[in-house]
Amino acid sequence: MDWLGLSYDEGPFLQSSLIADHTAAAEALYAAGRLYACDCTRDAIDARTAGAAKPGYDGFCRDRGLARSPETALRFAVAREGETVVADLIRGDVTFANASYEDFVVVRPNGVVLYPLANLVDDRTIGITHVIRGEDLLPTAPKQVMMWEALNDCAGVEVVALPQYAHLPMLVNEQRKKLSKRKDPVAVESYRDQGYLPEAFVNYLALLGWSPRGGEEVVSRDVLVAQFALEDVSHSPAFFDVKKLTHLNGEYLRAMSLEQFVEAARPWVAPWSSDWRPTTPPPWTKGQFDEALFSRVAPLVQERVATLGEVPGMIGFFFCDVAVDEAAFAKVIGNDPLGQTMLAAAIERFADLDWTATDLHEATAELGEAMGLVLRKAQAPIRCAVTGALVGPPLFESLEILGREAVLERLRAALARASA
RNA sequence: GGUCCCAUCGUCUAGUGGCCUAGGACAUCACCCUCUCAAGGUGGAGGCACGGGUUCGAAUCCCGUUGGGACUGCCA
């Protein structure tokens, strides 16, 4: 929540500190005859209702006039007729038949007030105006409305207006099932760890079930706050699409200034100088890393990554020994005589050359031309020798930044490796 | 089983009776750009679940069907 910049205006409140209120509310309800004692065990209820059309508690103890004891729980006497309406900000009035609710337990035999009532009492005492939660809680909303109104009817209990309810659509997985904390990757921290920006994450989340006016999907937090309305929220479940999140994150990354990008990437490229650090460290050491060098390299990768976690892998060759992609090496150098010739020619040509990206570019093009190779073919062995891979940041800028000595050294090493 | 919710491209959505031969975004495909990869540009394919109504006119309203989901604890 902190990471996402989401904060609260008051609280947090500890439910345990409001226990006296919970008990008082339960007593008031009992005194008003809305709660009754019940000593049925689960087994007894099941035995009684086995084969019945309607499962659940059958109201057996409702009229038995049982006295309260350490063996009795307190159940709420739900009206047998009529209906309860939940005025939902998102879905409108949702009507439930009271008969479809059983007399649910509100207080345990040991006196503990259960969550549904406790939660509701907290809302009343804290002055909650809006209850915004997942759609999965919609079926329990009538119970709360019933109890809320029952409480308002109790003598000596302050009348409090019902809060506004808003039941948000569920977030589902590929199987269209409600997202599960156990089975699905819902940990926000892991997105931070992978290098998603909080602004992008919040932006994407807002897009799930809601859309900004005007059609522009990249919206700042200010616009979000100004435009968002519960009434506009979609009614149907949404699938969390990481691909789209990733795209959006890339847009945010590219929209940053160089300074912002460099700073945002710090935890991934220089974790030792950052308060927070991702679980995967960069392939280089603190001694190998060069802050100034990174600033020069950053523009090369800023528009090529969609998450900050991708940065280290893309620029490792600037700071430490190249991790050679064997398949790539074999393809353009090991098994390709032309590639080796190209390297040899480059070593000679690069020895004395104005060390600028432009000259490097031209020289490589000319070398290739002399061998009948287009530039895309000519640069491949050089790229592989220097960066270890066939894909990466712009080659000639990279060579310029890396410096003549390092480049020549790697070209020679690759050539030696090929003939070994 | 019962109750409730939901139903527009693969995905997220715009759409509140005529502006819809249904718009956008992600993904996807093609082309362009190009030193690789991206980014960017252009274009393509792709959807109103089905059936009845209501109406001069339905993606939009009503009913039904089908499909999906949630809930159904002396857990929170």
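Chain A is the first sequence line, chain B the second, and so forth, proteins listed ahead of strands; every chain is numbered from 1.
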Undergrad: Between B:rC37, B:rC35, B:rU11, which nucleotide gets closest to the side-chain atoms of A:Val391?
TA: B:rC37
Undergrad: Which atom pairs link the protein and nucleotides 29-31 of chain B when you take only N or O atoms and keep those under 3.5 Å?
TA:
none

Undergrad: If you go through the side-chain atoms of A:Arg383, does one of them form a donor-acceptor pair with the base of B:rC35 closer than 3.5 Å?
TA: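 Answer is yes: a donor-acceptor pair is held.
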Undergrad: For this output row, return yes or no: ring centroids of A:Tyr252 and A:Tyr196 closer than 6.0 angstrom.
TA: no
Undergrad: Sticking with atom C1', work out how far B:rA70 lies from B:rC74, rounded to a whole angstrom.
TA: 23 Å
Undergrad: Find the partner of B:rA49: check Watson-Crick (N1-N3 plus N6-O4 or O6-N4) and G-U wobble (N1-O2, O6-N3) distances, both under 3.5 Å, and reply none if neither fits.
TA: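 Check on B:rA49: paired to B:rU65, both distances under 3.5 Å.
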Undergrad: Across all strands, who's sitting opposite B:rC31 as a Watson-Crick or G-U wobble pair, both distances under 3.5 Å?
TA: B:rG41
Undergrad: So, for A:Tyr204 and A:Tyr191, is the gap between ring centers shorter than 6.0 Å?
TA: no
Undergrad: Do you know which two heavy atoms are closest between A:Ile401 and A:Leu293, and how far apart they sit?
TA: CG2-CD1, 3.1 Å
Undergrad: Would you name the heavy atoms of A:Val105 and A:Val107 that are closest together and state the gap between them?
TA: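 The pair with the smallest heavy-atom distance is CG1-O, 3.6 Å.
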Undergrad: Closer than 4.0 Å, any side-chain N/O of A:His235 to the OP1 or OP2 of B:rC5?
TA: no
Undergrad: From the list B:rC71, B:rC35, B:rC74, which nucleotide is the closest neighbour of the side chain of A:Pro139?
TA: B:rC71
Undergrad: State whether a side-chain donor-acceptor pair under 3.5 Å links A:Tyr57 with A:Thr49.
TA: no
Undergrad: Looking at B:rG18, which nucleotide sits across from it as a Watson-Crick or G-U wobble partner, both distances under 3.5 angstrom, or is there none?
TA: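 Partner of B:rG18: B:rC56.
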Undergrad: Side chains of A:Asp122 and A:His22: do they bring a donor and an acceptor to under 3.5 Å?
TA: yes
Undergrad: What interatomic distance, in whole Å, is found between C1' of B:rC62 and the corresponding atom of B:rU3?
TA: 23 Å
Undergrad: Is NZ or CZ of A:Lys143 both nearer than 6.0 Å to the six-membered ring centre of A:Phe104 and within 45° of the ring axis?
TA: yes
Undergrad: Could you check which nucleotide pairs with B:rC26 in any of the strands shown, counting Watson-Crick or G-U wobble with both distances under 3.5 Å?
TA: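 When the pairing criteria are applied, B:rG10 turns out to be the nucleotide that pairs with B:rC26.
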Undergrad: Tabulate atom names and distances for all N/O pairs under 3.5 angstrom spanning the protein and nucleotides 21-26 of chain B.
TA:
{"unit_1": "B:rG24", "atom_1": "N2", "unit_2": "A:Glu217", "atom_2": "OE2", "d": "3.0"}
{"unit_1": "B:rA25", "atom_1": "O2'", "unit_2": "A:Glu217", "atom_2": "OE1", "d": "2.7"}
{"unit_1": "B:rA25", "atom_1": "O2'", "unit_2": "A:Lys244", "atom_2": "NZ", "d": "3.3"}
{"unit_1": "B:rA25", "atom_1": "N3", "unit_2": "A:Lys244", "atom_2": "NZ", "d": "3.1"}
{"unit_1": "B:rC26", "atom_1": "OP1", "unit_2": "A:His247", "atom_2": "NE2", "d": "3.1"}
{"unit_1": "B:rC26", "atom_1": "O2'", "unit_2": "A:Lys244", "atom_2": "N", "d": "3.4"}

Undergrad: On a whole-Å scale, what distance lies between the P atoms belonging to B:rU66 and B:rG51?
TA: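 Here B:rU66 and B:rG51 have their P atoms 15 Å from each other.
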Undergrad: Say we look at B:rC5 and B:rC9: how far apart would their C1' atoms be, to the nearest angstrom?
TA: 24 Å
Undergrad: With sugar-phosphate meaning primed atoms plus P, OP1 and OP2, does A:Lys377 contact a base, only sugar-phosphate, or nothing at under 4.0 Å between heavy atoms?
TA: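 Counting heavy atoms under 4.0 Å across all strands, no contact is made by A:Lys377.
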Undergrad: In terms of the nearest nucleotide of RNA chain B, which residue is placed more toward the 5' end: A:Gly392 or A:Asp232?
TA: A:Asp232
Undergrad: What residues in residues 294-305 of chain A put a non-hydrogen atom under 4.0 Å from any atom of RNA chain B?
TA: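 Contacts with RNA chain B under 4.0 Å: A:Glu303, A:Arg304.
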Undergrad: At under 4.0 Å, does any side-chain N or O of A:Ser100 touch on OP1 or OP2 of B:rG2?
TA: no
Undergrad: Do the side-chain N or O atoms of A:Lys143 get closer than 4.0 angstrom to the phosphate oxygens (OP1, OP2) of B:rC71?
TA: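 No, no such contact exists.
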Undergrad: Quick one: look up who B:rG1 pairs with, Watson-Crick or G-U, both distances under 3.5 Å, and put none if it's unpaired.
TA: B:rU72
Undergrad: Under 4.0 Å: is that the gap between some side-chain N or O of A:Arg376 and OP1 or OP2 of B:rU36?
TA: yes
Undergrad: Just to be sure I understand the geometry, which residues of residues 394-410 of chain A put a non-hydrogen atom under 4.0 Å away from RNA chain B?
TA: A:Pro394, A:Leu395, A:Phe396, A:Glu397
Undergrad: Among residues 90-99 of chain A, which contact RNA chain B at a heavy-atom distance under 4.0 Å?
TA: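 Per residue number, the list reads A:Arg91, A:Val94, A:Thr95, A:Phe96.
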Undergrad: Within residues 105-126 of chain A, find the residues that approach RNA chain B with a heavy atom at under 4.0 Å, and present them sorted by residue number.
TA: A:Val105, A:Arg108, A:Pro109, A:Leu114, A:Tyr115
